[in-house]
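Heavy-atom basis, side chains included; hydrogens, waters and symmetry copies ignored. Quick note: residue numbers are just sequence positions, from 1.
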Amino acid sequence: MRIADDDTRARISVTDLLVLLEGRATAGLLLLFAFPNVLPMPPGTSGILGLPLVYLSFQMMLGHRPWLPRFIAGRSVPRADFAAIIARSAPFLARAERLLSPRIPVLTGPLALHIIGALCLVLSILLLLPIPLGNMLPALAISVFALGVLERDGIWIVAGSLIAVLAAAVVWGVIWAFFRGLALLLA
């Protein structure tokens, strides 16, 4: 991404990315905030990146253009850190881009985008839960949805849906096991 290589910038803000992505901003920002959670990251990353995901996916569900409150839009990271994230993500994104092409347009139409936004909202909430490594599958599902929307590829939307079901099952299983164990402890 050219913004990561821009030596004139000390920091990269969310607003800078909104301007750069133009019409594809919602899906692009969903990918940007979700994909780092697919990779092993320091604890707390999902909390920081999850709030904008909830907000953006809610807007996508409603069919609104992305708008972020100042406290999110003004957030920035040092350019070097942003470049490192891009460098870590680049090999995956290059492989994914070769597999993407416009297919099954009904799955990327306006109604589908509302449904995808609702699914991403649920996944974003799951991503925020403090479950060790429990953020990776919801983040992967959101990333796959975002790539599918960006390239209008219905196959990727289907894949994102399957990953979303798996993510929900895993998180539900962890929550169920936690409460079951708690009940056994208190009994």
Side-chain angles (χ1 to χ4, degrees), residues 1-4 14 17-41 45-46 49-68 72 85-129 131 133-173:
M1 191 179 248
R2 66 179 179 253
I3 197 168
V14 174
L17 297 171
L18 276 172
V19 170
L20 182 71
L21 292 168
E22 296 170 358
R24 301 181 299 172
T26 303
L29 288 174
L30 284 174
L31 180 62
L32 180 73
F33 287 114
F35 192 75
N37 288 297
V38 175
L39 308 170
M41 296 295 271
T45 303
S46 63
L49 299 175
L51 289 176
L53 282 171
V54 169
Y55 191 76
L56 288 165
S57 58
F58 184 70
Q59 287 182 335
M60 184 180 201
M61 179 183 75
L62 296 177
H64 296 163
R65 296 186 68 121
W67 176 86
L68 296 171
I72 294 175
I85 291 170
I86 295 297
R88 286 180 69 189
S89 306
F92 169 78
L93 295 175
R95 280 188 294 252
E97 201 166 60
R98 286 192 297 270
L99 299 172
L100 289 160
S101 65
R103 298 178 275 204
I104 315 174
V106 71
L107 294 179
T108 59
L111 176 60
L113 292 179
H114 294 290
I115 295 168
I116 292 166
L119 289 171
C120 287
L121 178 61
V122 171
L123 291 165
S124 299
I125 293 168
L126 293 178
L127 186 137
L128 283 173
L129 296 175
I131 298 172
L133 302 176
N135 58 346
M136 291 175 135
L137 276 175
L140 179 61
I142 294 169
S143 297
V144 171
F145 276 132
L147 286 168
V149 169
L150 282 169
E151 297 295 328
R152 293 177 178 81
D153 193 336
I155 299 293
W156 281 64
I157 301 300
V158 171
S161 300
L162 294 173
I163 297 168
V165 168
L166 179 63
V170 167
V171 170
W172 173 251

Just distance, no hydrogens or angles: give the donor-acceptor pairs under 3.5 Å from side chains in residues 104-122, sequence neighbours left out.
unit_1	atom_1	unit_2	atom_2	d
Thr108	OG1	Pro105	O	3.2
His114	ND1	Met61	O	2.7

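Taken to the nearest 0.5 Å, the OG atom of Ser161 stands 12.5 Å off from the CG atom of Leu166. To the nearest 0.5 angstrom, Ile155 atom CD1 is 5.0 Å from Arg103 atom CZ. The structure places CG of Leu150 at 13.5 Å from CZ of Phe145, a figure rounded to the nearest 0.5 Å.
Exactly one residue among Leu49, Leu56, Leu53 makes a side chain to side chain contact (heavy atoms under 4.5 Å, CB included) with Ser124. That residue is Leu53. With respect to Leu137, the side chain to side chain contact (heavy atoms under 4.5 Å, CB included) criterion is satisfied by exactly one of Leu126, Leu123, Ile163: Ile163.
Closest non-hydrogen pair, Leu30 versus Ser57, comes out as CD2-N, 4.1 Å. Of all the heavy atoms in Met60 and Thr26, the pair that sits closest is CB-CG2, 3.8 Å. Annotation for Val38 and Ser143: closest pair CG2-OG, 4.0 Å, computed over non-hydrogen atoms.
Taking the ring-ring contact (aromatic ring centres under 6.0 Å, His included) definition, one finds that Phe35 meets it with Phe92, sequence neighbours left out. Here Leu99 pairs with Trp156 under the side-chain contact (heavy atoms from CB on, under 4.5 Å) rule; sequence neighbours left out. Considering only residues two or more places apart in sequence or on other chains, Asn135 meets the side-chain contact (heavy atoms from CB on, under 4.5 Å) condition with Asn37, Ser46, Leu127. A search for side-chain contact (heavy atoms from CB on, under 4.5 Å) contacts involving Leu128 returns Leu51, Val54, not counting sequence neighbours.
Side-chain contact between Asp153 and Pro102 is absent, with no heavy-atom pair separated by less than 4.5 Å.
Pairs passing the salt bridge (charged side-chain N to carboxylate O under 4.0 Å, His left out) check and including a residue from residues 108-122, sequence neighbours excluded, do not occur.
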